[in-house]
Amino acid sequence: MSKVIKILGTGCPKCQSMTNVVKDVVSTNNIDASIEKVEDIVKIMKFNIMTTPALVIDDVITIKGRVPTKDEVLTLLN
């Protein structure tokens with residue numbers, strides 16, 4: 001079953017770093033996942049978070065306000 005990953009952020013450097021980390025983990029480990037970048041502030045606000053970037057996996061907010069390590073992302077996806 002494919003995971004749905006959403007990266008919430010307006011395109012700031014931290015948001016871009018998080019996107020790169022997630023993409024790297026998904027491709028390196030052949031994880032079946034779709035990655036969606038959510039930059040629309042209205043859509044981000046629907047998740048009720050105050051700090052970006054945020055990582056949402058299968059509609060669960062897992063990390064917010066910081067860039068995760070690759071190990072963290074891998075653990076969350078397994």
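Numbering starts at 1 and runs along the sequence shown.
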A quick test of your reading: do over 12 heavy atoms of other residues, nucleotides or ligands sit less than 6.0 Å from NZ of K23? no
May I ask you to decide whether K70 forms a salt bridge with E72, counting only side-chain N to carboxylate O separations under 4.0 Å? no
So CD1 of I7 and SG of C15: to nearest 0.5 Å the spacing works out to 9.0 Å
Spacing of CG belonging to L77 relative to CD1 belonging to I57, to within rounding of 0.5 Å: 4.5 Å
Shortest non-hydrogen pair, P68 vs I63, comes out as CB-CD1, 3.3 Å
Roughly how far, to the nearest 0.5 Å, is NZ of K37 from CE of M18? 9.5 Å
Distance col, row D58:CG vs K6:NZ, nearest 0.5 angstrom, shows 9.5 Å
Neighbour count >12 (heavy atoms, 6.0 Å) for atom NZ, K3: yes
A quick test of your reading: do over 12 heavy atoms of other residues, nucleotides or ligands sit less than 6.0 Å from CG of N78? yes
Short side-chain to backbone donor-acceptor contact, T52 and L8, under 3.5 Å: no
Only residue of V21, N20, T28 satisfying side-chain contact (heavy atoms from CB on, under 4.5 Å) with D24 is T28
Residues V25, N29; criterion side chain to side chain contact (heavy atoms under 4.5 Å, CB included); working and verdict: CA-CA 6 Å; V25 170; N29 298 282; 3.7 Å; yes
Evaluate the side-chain proximity of I61 to L55: yes if any heavy-atom separation is below 4.5 Å, no if none is. no
